[in-house]
There are 2 protein chains.
Amino acid sequence: MGKSRFLGEFEQFVLLAILRLGEQAYGTTIRQILLDVIQRDVSIGALYTTLTRLEDKGLIRSAMGEATAKRGGRAKKFFEITAEGKQALQETRQSLDAMWRDVKLTFVGVK
Amino acid sequence: MGKSRFLGEFEQFVLLAILRLGEQAYGTTIRQILLDVIQRDVSIGALYTTLTRLEDKGLIRSAMGEATAKRGGRAKKFFEITAEGKQALQETRQSLDAMWRDVKLTFVGVK
DNA sequence: GTAATTTATTCTACAAAGTAAAACTAATAA
DNA sequence: TTATTAGTTTTACTTTGTAGAATAAATTAC
């Protein structure tokens with residue numbers, strides 16, 4: 001058992017974002033982390049599509065937060081990564097590490 | 001300048017395979033490296049599709065080898081990574097590293 | 001109390017990347 | 001001159017990536 005499918009490139013980033021946000025992972029914060037940490041500016045709609053797919057695949061789960069009541073706004077949907085999600089992330093990372101091993105990129109760097 | 005597009009998940013692996021094969025990178029060997037190093041068994045057709053797209057994007061270049069003449073068989077098409085390809089690889093890696101930083105995966109490991 | 005305003009999620013649609021299977025090419029060996 | 005072998009191309013379809021508009025639900029200002 002264990003389907004061992006590959007994670008898409010963006011899926012990986014989203015999973016990592018959720019992981020580092022912990023309790024605070026929902027649409028807006030995930031989007032913001034991606035922007036802050038890797039300067040990736042993705043539309044909120046694009047993000048939710050990926051979140052939905054990740055949940056369908058069982059790599060994350062979600063729970064609606066209670067109405068926060070601060071100044072307008074709808075209830076948040078919080079996400080957390082499942083054991084399967086962690087495993088998928090780890091496997092992808094290990095594969096990447098294995099492929100990078102001994103590869104030296106003689107590269108002049110970004111100007 | 002520098003479009004800074006994101007590399008797909010499989011594209012990354014193919015670029016790395018080419019890098020580690022050096023002079024010997026062509027269809028069959030690339031496929032084999034992927035199988036050996038990360039146990040990823042992709043059809044040869046799938047691989048060529050990706051190679052073609054990577055070349056279209058300027059991340060690799062190719063050159064036909066002369067007819068080897070050993071025991072039948074058609075001439076090989078050798079691939080090598082371009083400066084742009086290296087840069088794309090490096091950027092993707094840096095983003096991943098940045099996202100992984102401080103993330104600890106308390107994870108029990110694969111049974 | 002109802003019309004803005006705010007914060008958030010869902011829907012719709014399409015482009016790009018992943019993937020396999022079958023077709024094709026061009027050599028050498030029988 | 002036909003198998004056989006080693007290799008590349010084509011075709012077709014599924015999955016992922018992505019944006020933009022629509023919708024939802026709460027709060028505050030009149």
Side-chain angles (χ1 to χ4, degrees), chain A residues 3-15 17-18 21 24-32 34-35 38 40-60 62-79 88 92 95, chain B residues 3-15 17 21 24-32 34-35 38 40-60 62-79 85 88 92 95:
Chain A
K3 239 169 307 178
S4 199
R5 186 83 247 93
F6 304 101
L7 288 175
E9 176 267 350
F10 184 53
E11 291 180 323
Q12 247 174 109
F13 285 115
V14 172
L15 288 178
I18 293 174
L21 280 165
Q24 287 309 311
Y26 68 98
T28 308
T29 53
I30 296 172
R31 176 156 185 266
Q32 192 61 45
L34 260 12
L35 195 56
I38 59 170
R40 182 151 176 177
D41 189 2
V42 75
S43 82
I44 189 72
L47 175 57
Y48 277 106
T49 300
T50 293
L51 286 168
T52 300
R53 288 173 188 164
L54 284 171
E55 187 162 25
D56 289 346
K57 292 196 269 184
L59 303 181
I60 59 177
S62 69
M64 293 309 286
E66 45 221 299
T68 343
K70 208 153 219 172
R71 195 265 171 273
R74 183 175 174 176
K76 300 176 176 68
K77 187 174 186 180
F78 292 102
F79 295 92
T92 300
S95 290
Chain B
K3 237 169 309 179
S4 198
R5 187 82 249 92
F6 304 101
L7 287 175
E9 177 267 350
F10 185 52
E11 291 180 323
Q12 248 174 108
F13 285 116
V14 171
L15 288 178
L21 281 164
Q24 287 310 309
Y26 67 97
T28 307
T29 53
I30 295 172
R31 178 157 183 266
Q32 191 60 45
L34 260 11
L35 195 55
I38 60 169
R40 181 151 177 178
D41 188 3
V42 75
S43 81
I44 189 72
L47 174 58
Y48 276 108
T49 301
T50 293
L51 287 168
T52 301
R53 289 174 187 164
L54 284 171
E55 187 162 25
D56 288 347
K57 291 195 269 183
L59 302 182
I60 59 177
S62 69
M64 293 310 285
E66 45 222 296
T68 342
K70 207 151 219 172
R71 194 268 171 270
R74 185 174 172 176
K76 301 177 176 68
K77 187 173 187 179
F78 292 102
F79 295 91
T92 299
S95 290

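Letters A, B, ... are given to chains in the order of the sequence lines, protein chains preceding strands, and every chain is numbered from 1.
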Next on the checklist: Do B/L47 and B/I44 make a side-chain contact, defined as non-hydrogen atoms from C-beta onward lying under 4.5 Å apart?
Outcome noted: yes
Item to check | Gap between atoms CG and P, on A/L47 and D/dA19 respectively (whole Å) | outcome: 10 Å
Item to check | Whole-Å gap separating C1' (D/dT16) and CD (A/Q12) | outcome: 13 Å
Next on the checklist: If the condition is side-chain hydrogen bond (donor to acceptor under 3.5 Å, both in side chains), which residues does A/Q32 pass it with, not counting sequence neighbours?
Outcome noted: A/D36
Checklist entry - Just how far, in rounded Å, is P of C/dA17 from CD1 of B/I60? => result 13 Å
Item to check | With A/R40 via side-chain contact (heavy atoms from CB on, under 4.5 Å) - residues at least two apart | outcome: A/E9, A/F10, A/F13, A/I38, B/F6
Item to check | Minimum-distance nucleotide (side-chain atoms of A/R40 versus C/dT19, D/dG7, D/dT18) | outcome: D/dT18
Item to check | Spacing between B/K76 atom NZ and D/dG7 atom P, to the nearest angstrom | outcome: 5 Å
Item to check | First of B/L7 and A/T52 reached from the 5' end of DNA chain C, by closest nucleotide | outcome: A/T52
Under 3.5 Å between N/O atoms: give me all the protein pairs with nucleotides 20-25 of chain D, atom names plus distance.
{"residue": "D/dA24", "atom": "O4'", "partner": "A/R74", "partner atom": "NH1", "Å": "3.3"}

Checklist entry - Going by modelled atom types, is there a donor-acceptor pair between the base of D/dG17 and the side chain of A/R53 at under 3.5 Å? => result yes
Checklist entry - Is there a donor-acceptor pair closer than 3.5 Å between any side-chain N or O of B/R31 and the backbone N or O of B/V42? => result yes
Next on the checklist: Without decimals, in angstroms, what is the distance between A/L54 CG and D/dT16 P?
Outcome noted: 9 Å
Checklist entry - Rounded to the nearest Å, what distance is computed from the CZ atom of residue A/F10 to the P atom of nucleotide C/dG18? => result 15 Å
Next on the checklist: What I want to check is whether the side chains of A/Q24 and A/T29 have a donor and an acceptor closer together than 3.5 Å.
Outcome noted: no
Checklist entry - Given atom CD of A/E55 and atom P of D/dT16, what is their separation to the nearest angstrom? => result 15 Å
Checklist entry - Starting at CG of B/L35 and ending at P of C/dT19, how long is that distance when rounded to a whole Å? => result 14 Å
Item to check | C/dT10 phosphate, OP1 or OP2, under 4.0 Å from A/K77 side-chain N/O | outcome: yes
Next on the checklist: What residues from residues 24-31 of chain A pass a heavy-atom cutoff of under 4.0 Å to DNA chain C?
Outcome noted: A/Y26, A/G27, A/T28
Next on the checklist: Going by side-chain contact (heavy atoms from CB on, under 4.5 Å), name the residues that satisfy it together with B/A17, two or more places apart in sequence or in a different chain.
Outcome noted: A/M99, B/I30, B/I33, B/L34
Next on the checklist: So, OP1 or OP2 of C/dA17: does either fall under 4.0 Å of a side-chain N or O from B/K57?
Outcome noted: yes
Checklist entry - Sequence neighbours excluded, which residues qualify as ring pair (Phe, Tyr, Trp, His ring centres under 6.0 Å) partners of A/Y26? => result A/F78
Item to check | Nearest heavy-atom neighbours spanning A/F79 and A/L51 | outcome: CE1-CD1, 3.7 Å
Checklist entry - Are any of the side-chain heavy atoms of A/L59 and A/L7 separated by less than 4.5 Å? => result yes
